[in-house]
Amino acid sequence: MLPFAQFDEELVLSCVEEYSHHTGQTKPFAITCLDQSTRFPTERFVFVLSQDEKPQLVLKLDCAPKATRLIKEFKLLQQLEAEFAPEGRLTVIKPLYLSPHGHFHVTAFAAGKAAKQKNYADPTPEQARQVYRRGGEWLHRLHASAPQEWADIWLNWMLEEVEKHRHPGGDSTLRE
């Protein structure tokens, strides 16, 4: 996974211990660093927790002071899990535990290949159609899970960027 990740091992072990105590786990977990943020390399990490034949878990850690990002993420996963549950075929990652201070949470691990990996492993048009169709179904279900919120956005930003590259240094404002 990440053999050279820099993290506070004692902190990670204390998070795993807290989760184990909360769930009554007595067997130790094998811990592997799956990801270290490139933008926040000393604050944000993702670890895989393994235990014999049991399904793997994910521990997401945010060491930033006053961090609330993982609290919001966990609550959103809880809402979406309830929303997707009746569907059965389309799911979200199962949230399992949120630490009282909100600096880490534990979820189920999504086994299997990601859509990108599936497309690269089997680059046939049929496989691509299946991946995009399933992704579209998932997004449709996600968007149907909450009322629409309208926001003012500027959609011509892409055209402005193209113009900027076509005429460097000139006026890139689009005229209607």
Side-chain angles (χ1 to χ4, degrees), residues 1-52 54-87 90-117 135 137-158 160-161 164:
M1 305 267 178
L2 290 181
F4 303 111
Q6 301 281 325
F7 56 88
D8 182 347
E9 192 172 336
E10 291 297 317
L11 175 62
V12 175
L13 289 172
S14 71
C15 294
V16 173
E17 186 178 310
E18 180 183 319
Y19 172 73
S20 295
H21 178 74
H22 175 78
T23 59
Q25 298 284 332
T26 55
K27 288 182 121 181
F29 285 97
I31 304 167
T32 306
C33 187
L34 181 64
D35 188 49
Q36 180 177 15
S37 173
T38 53
R39 280 190 63 204
F40 304 97
T42 61
E43 297 174 354
R44 297 180 184 176
F45 303 90
V46 178
F47 299 92
V48 175
L49 308 180
S50 304
Q51 207 179 48
D52 297 329
K54 292 184 178 181
Q56 293 178 316
L57 305 174
V58 172
L59 185 144
K60 203 167 190 181
L61 175 64
D62 189 341
C63 305
K66 300 178 184 174
T68 59
R69 184 179 66 87
L70 293 181
I71 296 169
K72 293 174 189 172
E73 182 177 297
F74 191 83
K75 288 180 179 179
L76 180 60
L77 284 173
Q78 287 178 316
Q79 291 171 354
L80 290 176
E81 181 190 29
E83 191 68 36
F84 275 70
E87 169 62 38
L90 304 171
T91 61
V92 295
I93 297 299
K94 183 173 183 58
L96 301 172
Y97 177 74
L98 174 64
S99 66
H101 49 71
H103 287 292
F104 79 91
H105 67 60
V106 177
T107 65
F109 183 80
K113 294 180 180 178
K116 181 178 174 182
Q117 291 169 316
E137 285 179 67
W138 194 90
L139 284 172
H140 178 74
R141 183 74 181 106
L142 174 68
H143 291 150
S145 70
Q148 291 182 353
E149 292 181 26
W150 295 99
D152 291 331
I153 59 172
W154 175 247
L155 296 176
N156 283 344
W157 68 269
M158 293 175 276
E160 287 184 346
E161 286 297 313
K164 230 188 285 185

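Side-chain atoms are counted along with the backbone in the values below, which use heavy atoms only and exclude waters and symmetry mates. As the structure is a computational prediction, the values presented were derived from the model and not from experiment. In this chain, residues are counted from 1 in sequence order.
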Could you check if a side-chain atom of [X] sits within less than 4.5 angstrom of a side-chain atom of [Y], using non-hydrogen atoms only?
{"X": "Phe45", "Y": "Asp8", "answer": "no"}
{"X": "Leu49", "Y": "Val58", "answer": "no"}
{"X": "Leu96", "Y": "Leu57", "answer": "yes"}
{"X": "His103", "Y": "Cys63", "answer": "no"}
{"X": "Phe47", "Y": "Val12", "answer": "yes"}
{"X": "Val16", "Y": "Ile31", "answer": "yes"}
{"X": "Lys27", "Y": "Asp52", "answer": "yes"}
{"X": "Cys15", "Y": "Leu59", "answer": "yes"}

Item to check | Flag, side chain of Trp138 to backbone of Thr91, donor-acceptor distance under 3.5 Å | outcome: yes
Checklist entry - Gln36 side chain to Pro41 main-chain N or O, any donor-acceptor pair under 3.5 Å? => result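 Indeed, once roles are kept as given, a pair shorter than 3.5 Å links the two residues.
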Item to check | Results of side-chain hydrogen bond (donor to acceptor under 3.5 Å, both in side chains) for Ser50 - residues two or more places apart only | outcome: Gln56
Checklist outcome for this item: On a heavy-atom basis, the closest approach of Leu90 and Arg141 is CD1-CB, 4.2 Å
Next on the checklist: Tell me the closest heavy-atom pair linking Ile71 and Ala67, and the distance in Å.
Outcome noted: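 Scanning both residues completely, I find the closest heavy atoms to be CD1-O, 4.5 Å.
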Next on the checklist: Tell me every residue that passes side chain to side chain contact (heavy atoms under 4.5 Å, CB included) with Gln25, counting only those two or more places apart in sequence or in another chain.
Outcome noted: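 With neighbours one apart ignored, the set is Ser20, Thr23, Phe29, Gln51, Lys54.
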Item to check | Separation between CG of Leu61 and CG of Asp35, rounded to the nearest 0.5 Å | outcome: 12.0 Å
Checklist outcome for this item: The reported gap from OG in Ser145 to CZ in Phe84 (rounded to nearest 0.5 angstrom) is 6.0 Å
Item to check | More than 12 heavy atoms of other groups within 6.0 Å of His101 NE2 | outcome: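 Check passes, neighbour count above 12.
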Checklist entry - Pairs in or reaching into residues 56-67: which pass salt bridge (Lys or Arg N to Asp or Glu O under 4.0 Å), with residues at least two apart or in two chains? => result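 Only Arg44-Asp62, Lys60-Glu73, Asp62-Arg69 qualify under salt bridge (Lys or Arg N to Asp or Glu O under 4.0 Å).
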